[in-house]
Every structure is written in C-alpha cells, then in structure tokens.
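Worksheet for the structure shown next.
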Amino acid sequence: MTRPAGPSRLPAGGRVDRTRALRFTVDGIPLTGHPGDTLASALLASGRTEVGPSIYRDRPRGVLTADGTEPNALVQVLSGGPEPMVPATTLELHDGLQVATLSGVGWLSAAPDPTVHDKKHVHADVVVVGAGPAGIAAALAAGRSGARVLLVEQGRELGGSLLDGDERIDGRSAGEWIARAARDLVDAPEVRVLTRAAAVGLYDHGYLLVAERRERGQRLWHVRAKQVVLATGAHERPMVFADNDRPGTMLASAVRTYLKRYAVLPGRDAVVVTTSDSAYATAADLAAAGARVRAVVDTRPEPPQRLLDLADSLGAQVFTGSAVAGTTGDPRVTSARITGLDGAGTATEVECDLLAVCGGWDPAVQLFAQAGGSVRWDRLAAGFVPEQGPGLPTVVGAARGTYDLAGCLAQGLAAGAAAATASGFRVAAPPVPPVAGDRPVAAPRPVWLVPDGSGDPSDWDRHFVDLQRDATVADVWRAVGAGMRSVEHVKRYTTIGTGSDQGATSSVNSVGVLAEALGAESPGEVGTTTARPPHAPVSFALLAGRERGVLHDPVRTTPMHSWHVAHGAVFEDVGQWKRPRYYPRDGEDMAAAVHRECLAARTGVAVQDVSTLGRIEIVGPDAPEFLNRVYTNAFAKLPVGKARYGVMCTADGMVFDDGVSMRLAEDRYLMSTTTGGAATVLEWLEEWLQTEWPHLAVHCTSVTEQWAAVALVGPDSRAVLARLAPDLDVSNEAFGFLEFRETTLANGISARISRISFSGELAYEINVESWYGLALWEAVFEAGQDFGITPYGTETMHVLRAEKGFVIVGQDTDGTVTPLDLGMDWVVSRRKDFIGKRSFTRPDTARADRKQLVGLLPVDPGELLPEGAQLVEPDTPLEPPVPMLGHVTSSYRSAVLDRTFALALVRGGRDRIGEVLHAPVDGRTIPVEVTEPVFYDVEGARRDGRQPG
C-alpha cells in the first residue's frame with residue numbers, strides 16, 4: 001500500500017485504489033492522486049482549497065460541491081482532447097491529466113481535437129434516470145417483468161446517497177445491497193445499465209438524450225422510451241450570508257462525500273450550519289475522521305432532541321435558532337460569525353477552516369419540467385416538488401421531496417412495476433425491504449437572508465446568491481428597484497442561473513431572496529424559471545459525434561460515380577452530391593463540351609445520371625388527400641400508372657419546390673424533388689403532418705438512396721430503349737407522356753421506366769434498385785453505342801431546360817415568386833385548397849408590376865449576360881440609386897439556337913415583351929430584347945419524337 005496522496009488524505013477508508021498513484025498537473029504544478037479520485041477530491045487531498053478567482057470580482061473561490069452542480073471549480077482540460085469549463089467535481093482523475101484553473105471563462109483550442117465521440121439510437125420500454133435507492137428499486141422492479149429497461153446514472157457507480165450513509169437494507173449494509181442489486185440488474189437479459197451517463201434532455205413522447213462519458217470520448221444516446229421514471233435526487237442548497245463564497249465553505253453533503261468516498265478530510269476545525277436534519281450526519285462523520293466540530297448551528301429553534309444529543313456527544317457547541325452571518329479569512333475561511341435569528345442573542349465568532357453548509361434540499365425536477373411538468377412549493381419539504389399528472393414521467397424519491405430511505409424504496413418499487421405494466425409487461429411491485437439506520441425527517445426551516453448588521457439588503461453586495469455569476473442580494477434588490485417582478489425578468493437582469501450550472505445551486509435561493517424583496521409569503525408566490533435542455537453542459541463536439549471534418553457535410557455519390565470518374569467527368573457539388581457537370585474530351589473546355597452534349601441530346605441520343613433527385617414515398621389511405629393539399633394542382637384523381645408534374649408553395653404562396661409524382665397504387669405515390677431540396681421537402685411534409693394534419697393516415701419515407709436513375713434523352717432515345725427493354729411497347733400510342741411501366745431489361749434487371757422530359761425532347765427515365773445502377777448505365781451505353789450515345793452533365797441539362805423555359809427552383813426563383821409570376825397558371829387549381837392558396841387572393845400577389853419570368857435575347861447574339869445582372873430602362877443614368885427592373889436568373893449559349901439567351905425576373909415582364917432593356921455590366925450596358933421564356937419548339941412536338949410544324 002502506498003502512502004496517502006496528500007496531507008488531507010485519511011490513512012484508511014474511501015473507495016479509491018490506494019495501491020496505485022496517478023500523476024497530474026494543475027496550473028503546471030505536479031500532484032498525485034489515486035484511481036477513483038475526481039480532480040476535486042485529489043486537489044482537496046493535496047491540501048489545495050482555492051481553485052481560481054471568480055469571473056467578475058476576482059474573489060478567491062474553492063470547491064463547493066461534489067457533483068456536476070459545481071459553480072466554482074471549473075477547469076480547462078489541456079491534455080488529450082482540450083475541453084473548457086469542466087467541473088473538477090466530475091472530472092475523473094487519470095494519469096497524465098493536465099488542467100488549468102479558470103476564472104469562469106474557458107477557451108477553445110486551435111489544435112485539432114483527436115477525441116472521437118459517438119451516437120447511438122435505442123428503444124426502451126422503461127428508462128430510469130438516477131441510480132440512488134429509488135432508481136435502483138425502480139429498475140429492479142421493472143427488470144423483473146422482462147421489459148427492456150435502461151438505468152441511467154451520472155456517477156461512476158450505482159448507489160447515490162447510499163454510498164455516503166450507514167443505513168442497512170434487508171439486513172445488509174448499504175454497500176452490500178447495492179452490489180447485489182447491481183448483479184441482479186446485470187443478470188437480467190433485458191436490462192442495460194449506463195454509468196457515467198447524464199440525462200441532459202427529456203422531450204415529448206419519452207425522447208431522451210443521454211451523454212455518456214467513456215474511456216476515450218463520449219457517446220450521445222438518443223433514447224425513445226415508452227415510460228420514464230425520474231429518480232434524479234435532490235441538490236443541496238448553499239446559504240446566503242456575508243462572504244459565503246470564501247474557500248473552505250462547502251455543502252455539508254459534499255463534505256460527507258469527500259470523507260466517505262474519497263477518504264479526504266477537507267478541514268480540521270469545522271462549523272456545521274444547517275436548516276434541516278441531514279447535516280448532523282456530516283458533523284458525526286467529521287468527528288469520526290478526526291476533525292474538531294467546533295459548532296453545530298441550526299436555524300430551527302427546536303431541532304429533534306436526538307440530533308442535539310448527537311452534537312453534544314461530538315463536543316460541539318450547539319446554536320439553535322441561529323445562522324452564520326459572515327466569515328473571515330484570506331483567502332480561506334478562518335472563522336464564522338454566528339448570530340441568533342429573530343433578534344435573539346449576540347454574535348459569536350468561532351474559529352474554523354471548514355464551514356459545512358446545508359441550506360435545504362431542492363428536488364432535481366429539471367428533466368420533469370423539460371417534459372412539460374409543473375412544480376409547486378411544498379412548505380414541509382421547503383422546496384419545489386413536481387405535480388404528477390397523466391402523460392408525464394413518474395418522479396420518485398428525493399426528486400419528489402421524499403427524503404426517508406423507506407419511502408424512496410417504496411416509491412421506486414411501485415413506479416418501476418407500474419412503468420413496466422404500462423409498457424405491456426404486467427408485474428406486481430415487490431415488497432419493500434426492511435431498513436435500519438433510517439430516521440424520520442423533521443421539518444426544515446429555510447432562511448433566505450441572514451442579516452450581517454450592515455443595513456438594508458440593497459447594500460448586501462457580499463451576500464452571494466450565484467457564485468458562478470458573482471451575483472448578490474444587492475443585485476436582486478436592484479432588479480426589483482428597476483421594476484422587475486417576474487422571476488424570469490430578474491434572472492436576465494441579474495444573470496443569476498445563466499452559468500454552466502444553470503442555477504443548480506442558486507435558482508431556488510434567488511427565488512427566496514426575490515420573495516423577501518417583494519414581501520411575498522413564500523417562494524411559491526414567485527415561481528421558478530423555465531428549465532430548458534441541456535440539463536448539464538454538452539460540448540458541440542459530442543453533438544456532432546463523428547460528423548465533423550470530412551464527415552461534417554458528407555460527400556454523396558451515385559452508383560455510377562466510378563464510371564463518371566473513369567470517363568473524365570468534371571463534378572459540381574449539388575447539395576451533398578457530386579454530380580457530373582460536363583464530360584470534356586481532349587482539347588475541350590466547358591463551353592465546347594456543353595455545345596457537343598447539347599447537340600447530341602437535340603439531334604441524337606444522350607444520357608444523364610439523375611440518381612440524385614430526391615425521392616419520397618407517400619403511403620397511406622389519406623395519401624391522395626395529402627398530396628392534394630401540398631401541391632398546387634390536383635393529385636387525388638391521378639390514375640395508377642400515371643405521373644404528374646406538381647409545384648409546392650409555402651404558406652405565403654411562394655414557390656417552394658417542384659417535381660413529378662407517380663401513383664404506384666391507390667394508397668402509394670412516389671414523389672420526386674429537386675436534388676438540393678430533398679431533405680427540406682421531407683421536413684416540410686413531416687411538419688404539416690405532425691402539426692396541422694395529424695389526423696391524416698400518411699407516412700413519408702425518403703427512398704432516394706434506394707434508387708438509381710438514368711435519363712435517356714433525344715430523338716433516338718425510343719430506339720435505344722426498345723433494345724434495352726425488348727418486352728416493352730415503347731410506341732407513342734402504347735406508352736404516353738407522363739406514364740410509367742414496370743418491365744425487365746434485356747440484362748435481367750427489373751426496372752420502372754417513365755416518360756418524363758426536363759429537356760423538351762423525347763425522353764425516358766429508367767429507375768432500378770441502386771445496386772444495379774452501374775449495370776444499368778453500362779447497359780444503356782451498350783444499347784446506344786451505334787447511335788453515338790453521349791453522356792451529358794448538369795450544365796447541359798441547364799441549357800436544355802432553359803431553352804424550353806423550364807425553371808429551376810432556387811435559381812429562377814428566390815422565395816418571392818409565385819407560380820403565377822412564372823406563367824404557370826395552368827399548374828394552380830381553382831377548385832381545391834392547397835398550402836398557400838389563400839395568399840393568392842392578397843392584392844400584393846395580384847399586382848401587375850410583380851416580377852415575372854421572361855426570356856431575354858441579347859441584341860448581340862454573341863453577348864453572354866452574367867447571371868445576376870440587373871436590368872434597367874434604356875438611357876437610365878447609372879449613378880446610384882439606380883431604379884432596377886429585375887435581374888437575370890439563367891444565362892447560356894445555345895447550340896441549337898446558335899446564340900446566347902437568358903431567363904429573367906422582370907417587373908411587369910409579360911407586358912414588356914418586345915421591349916429592349918439594358919443590363920449594366922462592367923461600366924457598359926448590354927441591350928437585350930424581352931421575349932417569351934420558351935425559345936425552342938414552342939409547339940412541344942419534340943416531346944413525342946415529332947418534328948415541329
């Protein structure tokens with residue numbers, strides 16, 4: 001056995017491994033600790049009480065707590081993955097740890113973080129949060145049923161407060177009972193136990209986020225639970241008196257934890273001050289560890305006699321009906337000034353180097369509140385307790401204001417059995433085991449303000465309410481003086497509760513102080529602030545998981561990508577996809593390649609990989625009605641086997657997305673979307689189904705990755721398809737426009753083929769399961785080889801569609817354009833309702849001078865307009881401000897037209913057809929004629945493979 005690491009380490013006891021020493025540094029100073037230590041316990045063991053100055057007032061601060069509610073001891077981790085603002089009370093010690101103490105502000109490292117974080121998605125029937133006595137009991141009861149149970153504990157081991165006590169359960173010591181319970185949980189086949197895991201968020205429908213600390217990195221669990229039991233315990237409150245922030249002032253329960261779990265004695269001469277029973281056990285443990293308990297101060301005039309007898313047996317001077325009014329020391333506390341409450345007695349100065357404080361207990365109801373639960377002030381518990389109700393998580397134990405062990409066990413067993421039963425696994429609650437060492441809890445007496453003789457509370461700028469934010473009683477009084485009455489307003493005015501601890505040690509005290517300032521009878525009249533997730537700080541790195549660096553915005557490729565690379569494609573990014581932009585041959589630039597590809601599509605046959613288009617299956621008996629509501633045109637009566645082009649609008653009537661939807665069955669459609677808009681459209685559909693039309697029986701599923709698709713385009717496309725699909729009649733009479741067929745290709749691949757054209761030419765879209773994508777692509781080339789089949793990219797596709805006046809949503813629209821502005825009146829139903837229809841009745845959407853889609857032909861046919869170029873009246877002075885009429889949305893060189901052309905949004909554009917406008921570019925103006933937006937095959941004959949005219 002090694003020597004104790006540090007002067008304050010007790011020679012025996014604790015739950016640390018004394019056979020091994022761990023080396024670490026704090027602010028460059030080398031220190032040692034043991035496995036099982038936290039950084040805070042190792043610091044205290046080394047005799048170091050001060051952990052850094054306060055954020056605003058530069059006052060010395062020390063360790064206050066022993067858990068994640070710590071407001072003072074925040075450190076910057078320098079080793080491994082650098083991380084700021086980590087509570088020393090939760091940072092487990094490991095060899096080589098390097099940290100720096102903080103003044104409440106951390107910093108982000110510019111060095112790459114090697115730590116890898118993960119995500120995991122799981123379902124559970126019952127989730128129990130907290131593994132103290134109530135939580136363990138709940139998990140045991142639920143686990144007996146065969147239900148899938150997840151027990152979440154933020155500490156490194158189970159037990160909670162039992163780890164610090166001397167109680168006995170079912171004839172065993174608390175430690176033995178915990179060990180046996182742990183074995184039973186591990187042996188249960190459907191029970192999973194997570195330690196070092198904090199539930200940081202509880203959302204609707206039993207959805208939880210759990211941040212698990214692992215040996216290397218963290219894991220964020222996304223948990224969907226049928227039933228949730230909260231056994232989150234309670235947080236001990238500090239007390240508000242003058243200079244209550246000096247190092248050496250600690251929560252009484254934290255002192256007990258350091259003694260029991262870490263064998264660390266935080267001080268040799270102690271004063272214990274309390275508003276309830278619990279701190280007397282701390283006084284007894286301090287005396288047993290060799291400390292001198294100089295005084296026990298109880299705010300209650302008549303505490304239970306057994307507690308007074310206990311204090312007397314420790315040799316402590318007992319002060320009842322009293323409180324600590326102030327401290328002295330530089331920087332560590334050296335004495336406490338004790339004064340009688342209610343004007344009784346005179347002040348007494350007691351020397352001490354440790355002040356163990358218990359201002360009462362606050363049930364940890366933050367997760368309950370996040371789930372929509374409300375709380376009420378309970379006078380007997382002197383805290384805000386949850387209001388249980390249907391549809392809310394069940395709260396048990398100290399989180400419910402129950403502080404006796406027997407009561408915690410009984411509630412836990414009953415809640416676990418009830419949760420399992422509600423999940424479909426009927427089970428009766430086991431009998432409550434007998435307990436020993438547990439005592440009835442007497443009523444506490446909370447004291448929100450302890451006078452120090454310095455006059456009015458508005459001057460009390462050393463009575464700290466929030467240690468992390470350096471906020472005082474004077475700040476609360478100042479807020480009230482400024483007219484603040486709401487606790488939410490005071491929070492923001494004073495910043496109390498806005499630190500990384502989210503007010504865990506300050507929010508209820510601030511409510512109590514505010515109640516005093518307002519003259520309220522109790523904190524219940526003031527209420528509480530809103531609890532929002534995350535309940536505990538979560539790093540952005542954990543939220544991102546592995547989705548950073550090259551995975552932050554993952555590159556998506558189609559099954560044909562290797563062919564495109566091998567044949568020299570130049571790619572562009574569309575959304576997350578790599579799409580071929582053009583396929584240059586030797587000596588070709590983009591213009592030459594696009595010219596050649598366009599001619600192939602217009603005069604022969606060309607092929608494009610369109611696997612990236614978004615595809616969403618819309619399934620359910622109400623699918624026809626749903627599509628009728630989201631599209632501007634009608635889909636409910638679309639026959640099975642046919643397809644229809646549709647446009648979606650936002651609620652204000654502006655074009656949102658477009659695409660072709662096929663009706664696969666009476667209750668099933670396949671919707672296509674733009675490549676870049678697929679995720680947004682799916683989110684849009686889900687939002688309307690969940691928030692506006694939850695009664696519609698419809699499910700939306702993204703199937704983009706399940707399909708590979710090829711667009712076969714051009715006058716010779718029918719002949720190539722006939723070779724590719726010999727069993728399919730591809731004549732115009734048998735296979736009409738906007739129809740689709742299921743067939744088997746010549747190579748044996750099942751395919752769905754539709755007649756869809758985004759070029760105006762005769763065209764087909766061939767869809768196969770994604771793993772056959774490359775085989776399909778190669779088969780198409782083999783079938784079209786003697787036709788000179790040509791691959792084309794997105795740039796050619798843009799030219800082809802613009803020649804026909806087909807818009808691209810997001811390029812020819814900008815969120816301020818209606819279908820009517822685009823000249824697409826034909827796609828807007830006059831007989832049915834749809835999203836955005838009401839907006840078309842507004843005078844603004846009917847203005848004649850709205851920007852409308854038109855074509856532009858530069859007077860010089862070789863002049864290429866820049867996209868985004870503004871348009872003005874001829875002879876308009878170009879000195880700002882220049883009255884703009886509109887702008888160019890698309891501009892290309894056309895091989896088939898043998899000239900340049902453009903599309904534009906122009907104010908009152910349809911009434912300007914035939915006019916000449918000017919586009920100011922690089923200090924000169926380019927004259928352009930306003931035309932109809934369709935430049936090629938106005939009759940639409942080529943869509944069916946016929947020549948115009």
Side-chain angles (χ1 to χ4, degrees), residues 610 613-704 706-707 709 736-742 752-758 765 767 806-810 813 817-820 822 824-840:
V610 293
L613 293 177
R615 290 172 177 80
I616 302 170
E617 280 207 9
I618 316 292
V619 182
D622 293 325
E625 172 63 19
F626 178 56
L627 286 189
N628 249 19
R629 296 184 185 188
V630 299
Y631 278 127
T632 60
N633 48 336
F635 276 79
K637 295 182 180 179
L638 179 69
V640 174
K642 289 186 178 289
R644 181 166 292 164
Y645 172 78
V647 170
M648 297 182 197
C649 287
T650 53
D652 59 357
M654 305 304 158
V655 173
F656 172 58
D657 202 82
D658 69 343
V660 173
S661 288
M662 298 184 287
R663 192 166 193 175
L664 307 181
E666 291 296 330
D667 63 345
R668 184 181 297 265
Y669 293 77
L670 181 63
M671 173 190 290
S672 70
T673 74
T674 56
T675 295
T680 306
V681 170
L682 179 58
E683 184 180 10
W684 175 255
L685 300 178
E686 292 282 10
E687 178 181 347
W688 282 90
L689 283 174
Q690 291 181 31
T691 62
E692 302 299 326
W693 306 319
H695 58 282
L696 293 184
V698 179
H699 294 284
C700 302
T701 306
S702 172
V703 294
T704 303
Q706 279 64 49
W707 294 97
F737 184 64
L738 289 179
E739 295 181 353
F740 67 90
R741 301 287 185 269
E742 309 279 350
R752 179 185 293 141
I753 303 175
S754 56
R755 268 199 64 189
I756 299 173
S757 179
F758 196 47
E765 187 179 288
N767 292 264
F806 298 158
V807 300
I808 290 183
V809 175
T813 68
V817 179
T818 72
L820 309 182
L822 298 175
M824 299 173 67
D825 307 50
W826 54 270
V827 85
V828 179
S829 173
R830 300 293 189 270
R831 294 189 296 272
K832 73 175 185 72
D833 197 9
F834 55 85
I835 298 172
K837 181 176 182 178
R838 185 174 61 178
S839 297
F840 294 156

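Please read all numbers here as calculations on a predicted model, not as lab measurements. Just so you know, these numbers use all the heavy atoms, side chains as well, and skip hydrogens, waters and symmetry mates.
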NZ (Lys832) and CD (Glu625) are apart, to the nearest 0.5 Å, by 8.5 Å

In Leu689, Val698, Asp667, the residue satisfying side-chain contact (heavy atoms from CB on, under 4.5 Å) with Asp622 is Val698

Residue set satisfying salt bridge (charged side-chain N to carboxylate O under 4.0 Å, His left out) with Glu666, at least two apart, ordered chain then number -> Arg663

Hey, are the side chains of Met662 and Glu765 touching, using non-hydrogen atoms and a 4.5 Å cut-off?
-> no

Those residues at least two apart in sequence (or on a different chain) that pass ring pair (Phe, Tyr, Trp, His ring centres under 6.0 Å) with Trp684 are Phe656, Trp688

- Query: Any side-chain heavy atom of Phe740 within less than 4.5 Å of one from Leu664?
  - Reply: yes

* To do: Would you check if the side chain of Thr632 reaches a backbone N or O of Val827 as a donor-acceptor pair within less than 3.5 Å?
  => yes

Self-check item: Sub-4.5 Å side-chain heavy-atom contact between Phe635 and Met671
Solution: no

Check your understanding: Should Lys642 and Arg644 be marked as a side-chain contact (heavy atoms from CB on, under 4.5 Å) after you check the CA-CA gap, both sets of side-chain angles, and the distance that decides it?
Key -> CA-CA 7 Å; Lys642 289 186 178 289; Arg644 181 166 292 164; over 6 Å; no

**Item:** Main-chain N/O of Val809 paired with Thr813 side-chain donor or acceptor, under 3.5 Å
**Value:** no

Across all chains, not counting sequence neighbours, the ring pair (Phe, Tyr, Trp, His ring centres under 6.0 Å) partners of Tyr669 are none

The single option from Leu820, Thr818, Val647 that satisfies side-chain contact (heavy atoms from CB on, under 4.5 Å) with Val828 is Leu820

**Request:** Go through the steps for Val817 and Leu822 under the test side-chain contact (heavy atoms from CB on, under 4.5 Å), then give the verdict.
**Result:** CA-CA 7 Å; Val817 179; Leu822 298 175; 3.5 Å; yes

task: Please lay out, stage by stage, how Leu685 and Ile618 fare under the test side-chain contact (heavy atoms from CB on, under 4.5 Å).
output: CA-CA 10 Å; Leu685 300 178; Ile618 316 292; 3.9 Å; yes

Output for pair (Thr680 OG1, Asp657 CG), nearest 0.5 Å, gives 8.5 Å

Those residues at least two apart in sequence (or on a different chain) that pass side-chain hydrogen bond (donor to acceptor under 3.5 Å, both in side chains) with Thr650 are Asp652

ask   = Judged by atom type as modelled, is there a donor-acceptor pair below 3.5 Å linking the side chain of Asn767 to the main-chain atoms of Ala709?
value = no

Between Thr673 and Gly659, is there a donor-acceptor pair closer than 3.5 Å when you use the side chain of the first and the backbone of the second? no

In terms of heavy-atom contacts, Ser757 and Phe806 come closest through O-CE1, 4.1 Å

Please check this pair: side chain of Ser672 against backbone of Val660, looking for a donor-acceptor N/O pair closer than 3.5 Å. yes

Quiz prompt | CA sep, side-chain torsions, deciding dist, call: Trp693, Val630, side-chain contact (heavy atoms from CB on, under 4.5 Å) | solution = CA-CA 11 Å; Trp693 306 319; Val630 299; 4.1 Å; yes

Quiz item: Is a side-chain N or O of Arg615 found less than 3.5 angstrom from the main chain of Gln706, in a donor-acceptor match?
Solution: no

Here the gap from Phe737 atom CZ to Ile756 atom CD1, rounded to the nearest 0.5 Å, amounts to 7.5 Å

Residue pair Val703 / Leu670, side-chain heavy-atom distance below 4.5 Å
yes

Residues passing the side-chain hydrogen bond (donor to acceptor under 3.5 Å, both in side chains) test with Glu692, sequence neighbours excluded, are none

Residue set satisfying salt bridge (charged side-chain N to carboxylate O under 4.0 Å, His left out) with Arg752, at least two apart, ordered chain then number -> Glu742

